[in-house]
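To keep things clear, I will list the structure first and then write my remarks on it.
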Number of protein chains: 2
Amino acid sequence: MKPEVRLIVQQAIEDLNFVPNSIARSLVSKKTNLIGVIASDISTSFFSSTLSYIEEAASQNRYNILVGNIKDNLDKELKYLQVFKEMQVDGIIIMHEMMDKHIERFLQSLTTPTVFCSAKPNSSVNCPSVNIDDMQASYDTVKHLISLGHRRIAFIGGDTKELSTGRYRYDGYLKALVEAGISVNPDWVRFGNFKLQDGYDIMQTFLQSEQLPTVVFAVSDDMAVGALNCIVDHDLKVPDDISLVGFDDSSITETVRPKLTSLHQPIQQIGQMSVDILIKMIEGQSPGVKEVVLSHKLVERSSLRSLL
Amino acid sequence: MKPEVRLIVQQAIEDLNFVPNSIARSLVSKKTNLIGVIASDISTSFFSSTLSYIEEAASQNRYNILVGNIKDNLDKELKYLQVFKEMQVDGIIIMHEMMDKHIERFLQSLTTPTVFCSAKPNSSVNCPSVNIDDMQASYDTVKHLISLGHRRIAFIGGDTKELSTGRYRYDGYLKALVEAGISVNPDWVRFGNFKLQDGYDIMQTFLQSEQLPTVVFAVSDDMAVGALNCIVDHDLKVPDDISLVGFDDSSITETVRPKLTSLHQPIQQIGQMSVDILIKMIEGQSPGVKEVVLSHKLVERSSLRSLL
DNA sequence: TGATTATCTGGTAACGTTATCAGATTTGAG
DNA sequence: CTCAAATCTGATAACGTTACCAGATAATCA
């Protein structure tokens with residue numbers, strides 16, 4: 001094309017105020033540049049952070065995101081998956097791990113590239129996932145607590161359904177305990193739904209048990225902060241009376257006093273990776289990986305003290 | 001249509017695994033059922049909550065949302081607005097109040113229904129908006145502080161550009177002060193960007209001023225919590241040494257000790273209303289209103305004490 | 001049974017783009 | 001000035017729907 005013609009065309013675009021119609025373009029090209037994202041609950045700090053990193057990575061690659069906030073409602077999840085399919089999205093990211101038969105069947109017959117972000121699909125569903133090693137992460141932190149002299153270690157877990165992050169984290173807790181020859185006190189193990197209030201309520205029961213734990217390990221920062229609030233509401237001190245460790249290393253760890261020591265998940269990397277893999281699949285390449293496991297680490301702040 | 005024919009068709013849909021193609025449908029119907037949302041920063045509690053209410057209201061009306069997270073980057077905002085136009089979204093919700101010439105011009109010539117949510121457009125842009133009366137809200141809370149005997153009232157404001165929420169809230173602060181015959185101490189007035197760290201940093205400067213304020217009023221909960229952390233990091237106590245009041249009444253008010261008293265914004269209503277008005281416009285009705293002003297109230301928790 | 005209405009069938013055009021191709025026109029090299 | 005290559009022009013089909021219409025068939029009422 002000659003440069004002068006290009007100018008004339010550009011002038012015409014200006015004059016006529018022409019804006020291309022992506023819908024028509026998509027219809028013929030069969031490419032929408034849309035990524036559908038299913039999120040458990042975007043008003044939560046973990047998911048809203050992850051979502052913002054997904055958005056960032058997507059927009060850098062000229063993809064736009066359609067968000068489906070399902071608030072743990074499986075019907076809404078299925079509905080969104082169907083809508084995504086009708087809308088011909090190029091790919092789907094799922095940040096939710098529960099599944100029912102309908103969703104499972106839908107996903108099995110779905111040809112749209114899909115990746116699980118900070119969640120794993122049932123084994124019958126063949127989608128790549130991006131996670132940390134939850135079991136190892138949990139094991140590592142409990143082992144660290146033990147190395148600090150703790151023996152009375154309470155656990156605030158998450159949903160413990162098979163193959164869920166909640167299950168893995170619980171397994172890691174158990175493994176570290178049995179390995180150290182510490183018997184599990186059932187009074188000190190409770191499961192919530194990752195929310196702040198769950199942590200508060202569960203901590204309440206711990207505080208009523210005969211003997212107090214020396215440390216409580218919560219499987220989300222929100223629950224850890226709930227526990228923290230419960231503790232200070234009972235005029236006890238963290239970490240002097242009870243130590244506290246969270247999970248995720250979300251921003252809430254720094255908004256609270258004492259600052260919360262927490263198991264760090266590389267959220268940015270998780271979001272970015274999910275998008276990268278998805279785009280590879282969209283472009284017809286093999287994802288290259290089935291399960292991406294990113295590395296974790298414990299970041300120490302001020303809510304955990306040594307007993308030695 | 002006869003019911004038996006309906007059955008046959010439904011059977012065929014099942015057998016062929018037919019899924020309608022919304023893209024093709026949209027092309028002919030000129031309706032995408034898409035709402036584009038521009039958000040300042042979705043990883044922030046205020047915006048992620050509002051967004052989740054917007055999503056809820058939209059999905060109840062069979063609309064899907066496309067989110068553009070601009071992180072206060074005006075170029076990205078313009079880019080998203082253009083993309084929204086190309087994608088033929090049915091409507092746009094803007095949760096951001098800064099504007100430059102490009103955006104202003106774009107919006108002036110845009111025919112897509114648009115509403116501002118918790119933000120107001122420049123007067124040259126004719127879009128409805130949903131807000132509280134920021135000036136009145138700020139005025140009311142400062143007046144309340146005064147009625148509690150406070151005279152040394154510090155202010156952590158937001159961006160103070162014309163017609164912005166930050167400006168209105170500052171005006172309310174000033175009005176209440178002059179009305180009570182209290183002179184404004186410039187050492188006790190600082191402006192941040194609504195983030196926690198801003199509150200922390202600004203509080204630091206207050207703590208270094210000759211005389212300490214008896215209360216600080218921050219124009220977002222995040223900044224208030226930042227201030228709170230700064231205060232406790234200096235071994236001072238809230239509200240014994242310094243009282244604290246936030247703005248928004250977001251969930252952070254309850255995640256922090258002492259619980260933060262804060263000016264309540266009806267976030268759910270704001271999100272819902274924005275969507276309702278937008279949908280009215282999309283359906284060709286007049287929005288009915290130009291500026292919706294919802295009511296606010298101060299919700300008292302434990303960070304404010306009376307001096308009387 | 002015949003007239004009237006309800007329902008079905010199949011065909012066509014349109015939405016705004018992209019891909020492709022044939023033919024016309026311009027450009028550059030020798 | 002000629003010929004090949006580069007560039008332009010205009011036309012056509014396709015993407016998967018919906019709207020519309022004419023004509024055929026079936027159901028309903030008198």
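From a predicted model like this one, the values you see are computed outputs, not experimental measurements. Every chain is numbered from 1 and lettered A, B, ... according to where its sequence line falls, protein lines coming before strand lines. Values below: all heavy atoms of this structure, side chains included; hydrogens, waters and symmetry mates excluded.
The residues A:E77 and A:K71 are annotated as not salt-bridged, no charged nitrogen and carboxylate oxygen being separated by less than 4.0 angstrom. With salt bridges taken as basic N to acidic carboxylate O contacts below 4.0 Å, none links A:K195 and A:D222.
Distances shown here put a side-chain N or O of A:K30 below 4.0 Å from the OP1 or OP2 atom of D:dG16. Checking the phosphate oxygens (OP1, OP2) of D:dA27, a side-chain nitrogen or oxygen of B:K2 falls inside 4.0 Å.
Rounded to whole Å, the distance from CD on B:E86 to P on C:dT17 is 10 Å. One interatomic measurement links the two molecules: NZ of B:K31 to P of C:dC15, which rounds to 20 Å at whole-angstrom precision. C:dT17 atom C1' lies 11 Å from atom CD of B:Q88, rounded to whole Å. Atom P of nucleotide D:dT18 and atom CZ of B:F18 are separated by 7 Å, given to the nearest angstrom. As a whole-Å value, the separation of B:I8 CD1 from D:dA26 P is 13 Å. One can place CZ of A:R6 at 12 Å from P of D:dT7, the figure rounded to the nearest angstrom. Between the CG atom of B:L16 and the P atom of D:dT17 there is a distance of 12 Å, given to the nearest Å. One can place CG of A:L27 at 14 Å from P of D:dA14, the figure rounded to the nearest angstrom.
Comparing A:R25 and B:P3 against DNA chain C, the residue whose closest nucleotide sits nearer the 5' end is B:P3. Looking at which nucleotide of DNA chain D each of A:S29 and B:S29 is closest to, the 5′-most match is held by A:S29. Toward the 5' end of DNA chain C, the nearer of the two residues B:A24 and A:E4, judged by each one's closest nucleotide, is B:A24.
Under a cutoff of 6.0 Å and an axis angle of 45°, A:K79 and A:F84 do not form a cation-pi pair. A cation-pi arrangement is present between A:K85 and A:F106, with the terminal nitrogen or guanidinium carbon under 6.0 Å from the aromatic centre and inside a 45° cone about the axis.
In the set D:dT18, C:dT17, C:dC8, the nucleotide with an atom closest to the side chain of B:V28 is D:dT18. You'll find that the side chain of B:N21 is closest to D:dT17, out of C:dT17, C:dC15, D:dT17.
For the residue pair B:S250 / B:D221, a side-chain donor-acceptor distance below 3.5 Å is found, with atom types taken as modelled.
Note on A:V9: nothing from the nucleic acid sits closer than 4.0 angstrom, heavy atoms only.
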